[in-house]
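The structure appears right after this line, and notes come after that.
Values below: all heavy atoms of this structure, side chains included; hydrogens, waters and symmetry mates excluded.
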Amino acid sequence: VQLQASGGGLVQAGGFLRLSCAASGRTFSSYAMGWFRQAPGREREFVASISRIGGSTYYADSAKGRFAISRDSAKNTVYLQMNSLKPEDTAVYYCAAGTTTVVVRTLPDYWGQGTKVTVSS
């Protein structure tokens with residue numbers, strides 16, 4: 001499956017962004033989807049995941065209450081709505097796909113290219 005992330009940009013602290021990740025290739029509904037991020041000088045970290053059907057979501061503590069992951073099977077797209085953004089959210093954000101939610105959170109089968117998010121203070 002090929003993943004194409006978009007929606008990054010520059011935003012002020014307290015603002016919001018919605019990232020999108022369009023999937024093509026194999027059946028979108030066959031994969032759990034996730035988002036990761038990598039800040040400068042830091043390791044890539046998990047942000048959020050959503051199950052294949054979309055009924056189950058999981059968030060890193062840093063994302064709980066501010067970010068929301070969703071998916072649209074008709075558009076083969078997964079979204080990450082990010083609200084109340086903080087400067088520490090600045091990172092390159094990557095979407096990922098995996099056969100299960102555990103796989104997508106730990107060792108995804110597929111990665112998209114990153115989209116950069118910069119939050120100014």
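- Side-chain contact between Val92 and Phe36 is absent, with no heavy atoms from C-beta onward closer than 4.5 Å.
- Taking 4.5 Å as the limit, every side-chain heavy atom of Arg52 sits out of range of all side-chain heavy atoms of Ser29.
- By the side-chain hydrogen bond (donor to acceptor under 3.5 Å, both in side chains) test, Gln81 pairs with Asn83, sequence neighbours left out.
- Cluster annotation: Ile50 and Leu3 are assigned to the same hydrophobic cluster (Ile/Leu/Val/Met/Phe/Trp/Tyr, side-chain heavy-atom contacts under 4.5 Å, transitive).
- Following chains of ILVMFWY side-chain contacts shorter than 4.5 Å, one cannot reach Val104 starting from Tyr59, and the two form parts of different hydrophobic clusters.
- Looking at Phe67 and Val47, their side chains come closer than 4.5 Å, going by heavy atoms from C-beta outward.
- With sequence neighbours excluded, the residues satisfying side-chain contact (heavy atoms from CB on, under 4.5 Å) with Ser56 are Ser51.
- Minimum heavy-atom separation, Trp35 to Ile69: CD1-CD1, 3.6 Å.
- Smallest separation of non-hydrogen atoms from Gly98 and Asp109: CA-OD2, 3.3 Å.
- Taking every heavy atom of both residues into account, Cys21 and Met33 meet most closely at SG-CE, 4.5 Å.
- Cluster annotation: Val103 and Phe46 are assigned to distinct hydrophobic clusters (Ile/Leu/Val/Met/Phe/Trp/Tyr, side-chain heavy-atom contacts under 4.5 Å, transitive).
- The minimum heavy-atom distance between Ile53 and Arg71, with the atom names listed, is C-CD, 4.4 Å.
- Taken together through direct or relayed side-chain contacts under 4.5 Å among Ile, Leu, Val, Met, Phe, Trp and Tyr, Leu80 and Leu17 form part of one hydrophobic cluster.
- Of the possible donor and acceptor atoms, none in the side chain of Gln4 sits under 3.5 Å from a partner among the backbone N and O of Gly112.
- Applying the side-chain hydrogen bond (donor to acceptor under 3.5 Å, both in side chains) rule to pairs touching residues 85-98 yields Arg37-Asp89, Arg37-Tyr93, Arg66-Asp89, sequence neighbours excluded.
- Using a 4.5 Å heavy-atom threshold, the side chains of Tyr79 and Asp72 count as touching.
- Hydrophobic clustering (ILVMFWY, side-chain heavy atoms < 4.5 Å, transitive): Val11 and Met82 are in one cluster.
- Contact detail for Ala13 and Ser121: the closest heavy-atom pair is CB-CA, 4.3 Å.
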